[in-house]
Undergrad: 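Here it is: the structure, laid out below.
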Number of protein chains: 2
Amino acid sequence: MAAAVGGGRAVPRYLQIAEDIVQQIRTGSLKPGDQVPSEADMAERYGVSGGTVRKAMLEIRASGLVDTRHGKGSYVKARPPVRHRSSDRFRRSLRQGGKAAYLAESEQSGATAKVSVIHIGPIEAPDGIAQRLGVDVGTQVLTRRRLYFRNGTPVETATSYLPWDVVRDIPELFAEFVETLQARPAAKAEATELTLSPGAPVVHLVREAVTEEGRVVEVCDTLMAADQFVFEFRIQATD
Amino acid sequence: MAAAVGGGRAVPRYLQIAEDIVQQIRTGSLKPGDQVPSEADMAERYGVSGGTVRKAMLEIRASGLVDTRHGKGSYVKARPPVRHRSSDRFRRSLRQGGKAAYLAESEQSGATAKVSVIHIGPIEAPDGIAQRLGVDVGTQVLTRRRLYFRNGTPVETATSYLPWDVVRDIPELFAEFVETLQARPAAKAEATELTLSPGAPVVHLVREAVTEEGRVVEVCDTLMAADQFVFEFRIQATD
DNA sequence: TAGTGGTCTAGACCACCGG
DNA sequence: CGGTGGTCTAGACCACTAA
């Protein structure tokens, strides 16, 4: 049948449908864990074709309120929206190993947390990392790759890089941390690892640990599901 | 004609096409300002239908490398990807009015900057803002809404809220700033205001200015195109 | 007016999931 | 196996832009 639409439609049909479903979630008609109507259902109910309903589902996914699994359906997320990631985590007393800090911080907010170490071992420093550590590209460094879970779903990957001499000494005399943070859409592989819808935003955070002598002794590269975190920074005014 | 695909295709056609175009941009075959091939072109060139090429374009837009205008076409962004937004901006010496700070910071990185004031005047404090300022909901506060441009395109909106007694005194004795930062997909209206593709990530940053007495005297609510900013924070280690 | 992107249809086959 | 989402087609009409 011919296109779309009788006359001057302001809001496209697929957005109307998406808005309808999102409202049902926000108002609680659809509760956490509930299955969102299947695409076939919606096509019939709203009297539109599959393509249109599909586009609506893309919008709904972009809202971050549902979880879609191929062959099963879409479900309203249980995830409590976000967790605070405060700069407080840099207090030395909380840094008895990064793992403990995460667990403490996470459970403080009433969620189950888990950390799994994917990989640990020596590697040749990749370009950007070598630069940050102030060593030559290809220098051997120790890496540790971790996956962080919250309430059973992965929310963060972290890869840290340490030069060998630092590993031997383990200074724990960091004077300063420099964090750079950028948000962007997830690449395909990243979306898979964090079980996100493709294109969902992720936050890429790189933390450098700097000693009192000004040497960068650790670089930690982390990727987070954006909807799982609120970042908080306290900054002292200076002259 | 019937579907898709002979046999076991690993990577979907639309992703292959998107990847091809993105590579052409990254390698420089398509230069900043160049027009990306039209959808009709691509459909013919790659031998796929319009729907498929459309999906590819969605992926390409998600990469943030391209700017699409209805009725005109898609063009490779001129935007040098990002601008550093460093916590240095809190140095008092740079805070002779927020506008000056932005212009200085921006032009330092070799871009043209412009700030336009959309609105300035009294308003009843909305819920979240009143809470942060420690006043009752509905209290009159001064708001100032600004749109920030970089190289001619809007990249940031900022709305600041100040209680009236602060406006009178203008303390400039901030002791601390607290920033909370969250990334999420842009809502439709936000995407329009910042000329983003719908669903492109934005960063929502709220900055509170705190006096030495611990009073919050200003709340600034800003929304930024995520692909335009890298945030940098330096944090002193404490015990 | 011609060319572009934006919305929509009515179908098809595939890949995945669960019983 | 039936139901679900994922990919794809070959068209249609609409809305915007620029010459």
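All chains are named by letter (A, B, ...) in the order of the sequence lines, taking the proteins before the strands, and each is independently numbered beginning at 1.
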Undergrad: Excluding sequence neighbours, so at least two apart, what forms side-chain contact (heavy atoms from CB on, under 4.5 Å) with B/L133?
TA: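 Checked B/L133 against side-chain contact (heavy atoms from CB on, under 4.5 Å); matches are B/I129, B/V135, B/V141, B/Y161, B/P163, B/V216, B/V219.
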
Undergrad: Quick one: stems for DNA chain D, with Watson-Crick or G-U pairs under 3.5 Å, at least three in a row?
TA: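 Stem list for DNA chain D: C:1-16 with D:3-18.
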
Undergrad: Looking at A/R61 and A/D67, is there a salt bridge between them, counting it only when a charged N and a carboxylate O are closer than 4.0 Å?
TA: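 Answer for the salt bridge query: no.
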
Undergrad: Would you please name every residue forming a salt bridge (Lys or Arg N to Asp or Glu O under 4.0 Å) with B/R45, sequence neighbours left out?
TA: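 Testing B/R45 for salt bridge (Lys or Arg N to Asp or Glu O under 4.0 Å), a comparison that skips the adjacent residues, returns none.
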
Undergrad: What parts of residues 29-39 of chain A reach DNA chain D, counting only heavy atoms under 4.0 Å away?
TA: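 Correct list: A/S38, A/E39.
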
Undergrad: Quick test of your reading: applying salt bridge (charged side-chain N to carboxylate O under 4.0 Å, His left out), list the pairs with at least one residue in residues 26-35 of chain B, sequence neighbours left out, ordered by first then second residue.
TA: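 Non-adjacent pairs meeting salt bridge (charged side-chain N to carboxylate O under 4.0 Å, His left out): zero.
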
Undergrad: Which nucleotide wins on minimum distance to the side chain of A/T52, given the candidates D/dT9, D/dA18, C/dT9?
TA: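 Among D/dT9, D/dA18, C/dT9, the one nearest the side chain of A/T52 is C/dT9.
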
Undergrad: Could you please name the option among D/dA18, C/dC8, D/dA10 that lies closest to any side-chain atom of A/P12?
TA: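 Within the option list, the nearest is C/dC8.
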
Undergrad: If you draw the axis of the six-membered ring of A/Y75, does the NZ or CZ of A/R69 fall within 45° of it and under 6.0 Å from the ring centre?
TA: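 Yes, cation above the ring, under 6.0 Å and within 45°.
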
Undergrad: Hey, which sits more toward the 5' end of DNA chain C by its nearest nucleotide, A/H70 or A/G51?
TA: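 Result of the comparison: A/G51.
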
Undergrad: From the options C/dT7, C/dG18, D/dG5, select the nucleotide whose nearest atom is closest to the side chain of A/T68.
TA: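 The answer is D/dG5.
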
Undergrad: Can you name the side-chain contact (heavy atoms from CB on, under 4.5 Å) partners of A/Q140, sequence neighbours left out?
TA: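 A/Q140 satisfies side-chain contact (heavy atoms from CB on, under 4.5 Å) with A/P122, A/E124, A/W164 only.
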
Undergrad: For residues A/Y46 and A/R13, report the shortest heavy-atom separation together with the two atoms involved.
TA: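 Reported closest heavy-atom pair: O-NH2, 3.3 Å.
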
Undergrad: Would you call B/D221 and B/R207 a salt bridge, taking side-chain N to carboxylate O under 4.0 Å as the test?
TA: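 A salt bridge is absent here (no side-chain N lies under 4.0 Å from a carboxylate O).
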
